[in-house]
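Below, each value reflects all heavy atoms present in this structure, side chains not excepted, and no hydrogens, waters or symmetry copies.
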Amino acid sequence: MPLSTFSKIIYPESDGQPLADNTIQFRLIVTIQGGIDALFLENPNVFVAGDLFWYPVEGEPWIRQAPDVMVVIGRPKGDRRSYKQWEEDNIPPQVVFEIASHSNTKTELEETKRYFYERYGVEEYYLFNPQSGILKGWQRDNEVLQPIPRMSGWISPRLGIRFELEQGNLQLYHPDGERFASFVEIIEQRRLEKRAREQAEREKRQEQQAREQAELAQRNAIPKLLAMGLTVEQIAEALSLPVETVRAIAER
């Protein structure tokens, strides 16, 4: 019997390179991925990943990219070891992000990767360089990813998020205006909100105690004022109490 010349095709799950070269790049990648994932939290058919190999062509594992962040609208959430497009209803990522590091070159990011994303169906490609503070974007026009003339204030057609450059830093905003926040910022915000709630509850209890003490003082004053010869009506007016309340205490 002839031996089969075919072997199982291996699709590597890692290229041995780190997710990020520095803390700024890592923080931005995690914040963008988490923020977009949270944006589509209630939509089970939006898959958001960071630094995951995307294989667009079956049988050709050398054709691949691992965007820092990619968004696939129309595919279910869930863990994957890689994104094999032919196993995903042949839906490519519609939106990808790259955060430049010292090891990246302009040619790599603006030509090699852009041409890849252009060829394999990406609709929006966003590139930010933390070192230079430069933000660039491309949007699909037919078969070509065309440069977006102005990125500051740009709203992603697919995601609805707004891009801003604030003092040279990339800042993203949800459609409702809420700012994308890092994990630490989210925890700190929750801590501040918890403190504010606890403070409000303490103040509410203190106000209640003050009202109860004031009411008790008023009630304790009624017998003394009666002993001084004041009428029920006069006491009610002086203490700003209903006449019925003063009369009920006086008749005890």
Original post:
How are the rings of Trp138 and Tyr125 set to each other: parallel, tilted or perpendicular (split at 30° and 60°)?
Top reply: parallel

Original post:
Can you check side-chain contact (heavy atoms from CB on, under 4.5 Å) on Phe97 and Leu28, steps first, answer last?
Top reply: CA-CA 10 Å; Phe97 293 78; Leu28 280 169; over 6 Å; no

**OP:** Please report the shortest heavy-atom distance between Leu39 and Pro175, naming the atom on each side.
**Re:** CD1-CD, 3.6 Å

**OP:** If you link ILVMFWY side chains whenever their heavy atoms are less than 4.5 Å apart, which other residues fall into the same cluster as Leu239? By chain and number, please.
**Re:** Ile222, Leu225, Leu226, Met228, Leu230, Val232, Ile235, Leu241, Val243, Val246, Ile249

Mind listing the side-chain donor-acceptor pairs of residues 143-151 below 3.5 Å, one per line with the distance, residues two or more places apart or on another chain?
none

Original post:
Side chain of Glu13, backbone of Arg81: donor and acceptor closer than 3.5 Å?
Top reply: no

Original post:
Can you check whether Trp86's main-chain N or O pairs, donor with acceptor, with Glu58's side chain at less than 3.5 Å?
Top reply: no

Original post:
Going by atom types alone, do Ser101 and Ser103 pair a side-chain donor with an acceptor below 3.5 Å?
Top reply: yes

**OP:** State whether a side-chain donor-acceptor pair under 3.5 Å links Gln208 with Arg211.
**Re:** yes

**OP:** Determine whether more than 12 heavy atoms belonging to other residues, nucleotides or ligands lie under 6.0 Å from atom CD of Glu42.
**Re:** no

**OP:** Please report the C-alpha distance between Phe53 and Tyr55 in whole Å, then the side-chain angles of each, then the deciding distance to 0.1 Å, and finally whether the ring pair (Phe, Tyr, Trp, His ring centres under 6.0 Å) criterion is met.
**Re:** CA-CA 6 Å; Phe53 268 149; Tyr55 292 98; 5.8 Å; yes

Original post:
Is atom CD1 of Ile24 surrounded by more than 12 heavy atoms (other residues, nucleotides or ligands) closer than 6.0 Å?
Top reply: no

Subject >> Side-chain donor or acceptor of Asp89 paired with backbone N/O of Ile91 under 3.5 Å >> reply: no

Original post:
Strictly by modelled atom types, are Tyr126 and Trp154 linked by a side-chain donor-acceptor pair under 3.5 Å?
Top reply: yes

**OP:** Would you tell me whether Glu203 and Gln199 have side-chain atoms, one donor and one acceptor, within less than 3.5 Å of each other?
**Re:** yes

Original post:
Going through the distances and angles, do Arg158 and Glu124 end up as a salt bridge (Lys or Arg N to Asp or Glu O under 4.0 Å)?
Top reply: CA-CA 8 Å; Arg158 268 293 190 172; Glu124 302 173 34; 5.6 Å; no

**OP:** With side-chain contact (heavy atoms from CB on, under 4.5 Å) as the test, would you mind laying out the steps for Glu88 and Arg80 before giving the verdict?
**Re:** CA-CA 11 Å; Glu88 306 281 356; Arg80 293 163 172 80; 2.7 Å; yes

Subject >> Under 3.5 Å donor-acceptor, Lys84 side chain and Trp54 backbone >> reply: no

